[in-house]
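Single-structure report; data block below.
This structure is a prediction, so every number in the text was calculated from the model and none was measured.
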Amino acid sequence: MEPWQAAFLALVQGLTEFLPISSSAHLVIPGLVLGWPDQGLAFDVAVHVGTLAAVLLYFRRDLAALAAGTGSALLQRRLTAPAREVLALAVATLPVVVAGFLAEDWIEAELRTLPVIASTTLLFGLLLVAAHRASRRGGAAAVTVAVALAVGLAQVLALVPGTSRSGITMTAAMLLGVERTAAARFSFLLSIPVIAGAGLLKGAELAAAPEAAPWLPLTLAALLAGACAYSCIALFLRWVARLGLLPFAAYRVGLALVLYALWLA
């Protein structure tokens with residue numbers, strides 16, 4: 001890639017990783033539509049490290065409280081609220097780990113196409129509308145373990161490009177009665193083990209590669225993606241509390257129509 005292409009894709013990763021519009025779709029589209037070269041494994045690892053650092057930094061107080069509360073629960077041998085939330089996050093993470101291990105190679109080979117991305121962008125955009133309407137009725141302030149399992153099963157769909165991991169997890173949580181700000185927070189916390197796991201797997205592949213990685217441009221890409229992701233988390237949480245998800249649903253529907261037009265052309 002040219003340096004300006006790498007910078008553009010790092011910005012796209014940071015801007016879209018935590019918004020319900022699918023970062024994977026936005027990273028695939030330049031290659032499918034404009035013929036850009038694949039960004040490569042090293043770039044994927046770098047931008048994932050950047051977005052992981054962003055969510056860890058933003059939720060550092062929440063994570064510290066969860067760690068302290070879970071440690072206290074283990075000592076007292078009782079299920080406290082922090083321990084219950086950690087359990088819910090673990091339960092929600094398991095399905096995508098299993099599905100990713102079994103189907104990731106097939107998905108990468110068969111589903112990274114324009115019609116698939118257009119269809120998932122449209123379908124899950126329409127589901128966002130349903131989630132937006134459900135969120136108007138309020139909802140629960142916490143995610144139960146049962147709801148977490150359903151959210152985790154829904155997260156498996158995010159392996160398909162165009163679905164959006166944050167979008168499908170928030171949609172599932174809100175349709176199951178979780179208040180929209182709580183659903184967004186749970187989705188962002190749920191991204192930590194998912195992004196970390198993917199980063200570790202890709203990092204291991206990168207370490208085994210014979211060629212040396214260009215560390216300076218990769219570091220700059222990670223910093224750029226991380227800074228954009230941190231800003232997006234803060235702005236999105238304010239946005240979703242006030243206005244909900246309807247604007248993102250409208251964006252997805254519009255993007256799907258454009259992608260269908262490009263495919264048919």
Side-chain angles (χ1 to χ4, degrees), residues 1-60 63 93 96-97 100-101 103-109 111-114 117 155 158-167 169 187-236:
M1 289 187 297
E2 296 293 331
W4 68 269
Q5 292 174 327
F8 176 81
L9 291 178
L11 279 171
V12 168
Q13 173 70 23
L15 288 170
T16 60
E17 176 66 38
F18 299 108
L19 298 182
I21 56 176
S22 180
S23 61
S24 61
H26 284 77
L27 290 175
V28 168
I29 287 169
L32 294 176
V33 176
L34 302 176
W36 286 16
D38 185 86
Q39 57 264 32
L41 179 62
F43 183 87
D44 280 346
V45 172
V47 295
H48 275 84
V49 167
T51 53
L52 177 61
V55 72
L56 288 172
L57 182 61
Y58 189 88
F59 287 103
R60 61 192 182 278
L63 293 170
T93 301
V96 76
V97 172
F101 177 77
E104 183 179 15
D105 291 342
W106 178 79
I107 290 170
E108 287 287 325
L111 299 184
R112 292 170 69 91
T113 65
L114 204 53
I117 293 172
Q155 186 175 220
L159 294 171
V160 182
T163 300
S164 172
R165 191 210 60 80
S166 61
T169 52
S187 174
F188 290 151
L189 292 175
L190 185 58
S191 74
I192 294 173
V194 174
I195 297 175
L200 285 173
L201 289 175
K202 291 183 178 182
E205 293 178 30
L206 182 61
E211 64 274 8
W215 293 111
L216 179 58
L218 291 178
T219 301
L220 294 176
L223 290 173
L224 188 57
C228 289
Y230 186 93
S231 300
C232 275
I233 293 171
L235 292 173
F236 179 77

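Considering CZ of R112 and CG of L27, their distance stands at 8.0 Å, rounded to 0.5 Å. With rounding to the nearest 0.5 Å, the separation of CG in L15 from CG in L224 is 8.5 Å. Between the CD atom in Q13 and the CZ atom in F43 there is a gap of 7.5 Å [rounded to 0.5 Å]. Once rounded to the nearest 0.5 Å, the distance linking CD1 of I29 with CG of L34 reads 9.5 Å. For the atom pair CG of L223 and CG of L218, the computed distance is 11.0 Å after rounding to the nearest 0.5 Å. Between the OG1 atom in T163 and the CD atom in Q155 there is a gap of 11.5 Å [rounded to 0.5 Å].
Using a 4.5 Å heavy-atom threshold, the side chains of C228 and E17 count as separate. V96 has its side chain out of reach of R165: every pair of non-hydrogen atoms, C-beta onward, lies at least 4.5 Å apart.
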Show which side-chain atoms of residues 45-59 pair as donor or acceptor with protein atoms under 3.5 Å away, not counting sequence neighbours.
from, atom 1, to, atom 2, distance (Å)
H48, ND1, D44, O, 2.7
T51, OG1, V47, O, 3.2
T51, OG1, H48, O, 3.1

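G14 and C232 make their closest contact through O-SG, 4.0 Å (heavy atoms, listed as atom of the first residue, atom of the second, distance). Minimum heavy-atom separation, I107 to L159: CG2-O, 3.2 Å. Taking both residues in full, the closest heavy atoms of A221 and A10 are given as O-CB, 3.7 Å, listed atom of the first, atom of the second, then distance.
Evaluation of the ring-ring contact (aromatic ring centres under 6.0 Å, His included) rule for W4 yields W36 as partners, not counting sequence neighbours. Residues passing the ring-ring contact (aromatic ring centres under 6.0 Å, His included) test with F18, sequence neighbours excluded: F188. With sequence neighbours left out, S166 forms a side-chain contact (heavy atoms from CB on, under 4.5 Å) with P20, S164, M170, S187. Among residues two or more places apart in sequence or in another chain, the side-chain contact (heavy atoms from CB on, under 4.5 Å) test is passed with T113 by P115, V116. By the salt bridge (charged side-chain N to carboxylate O under 4.0 Å, His left out) test, E104 pairs with no residue at all, sequence neighbours left out.
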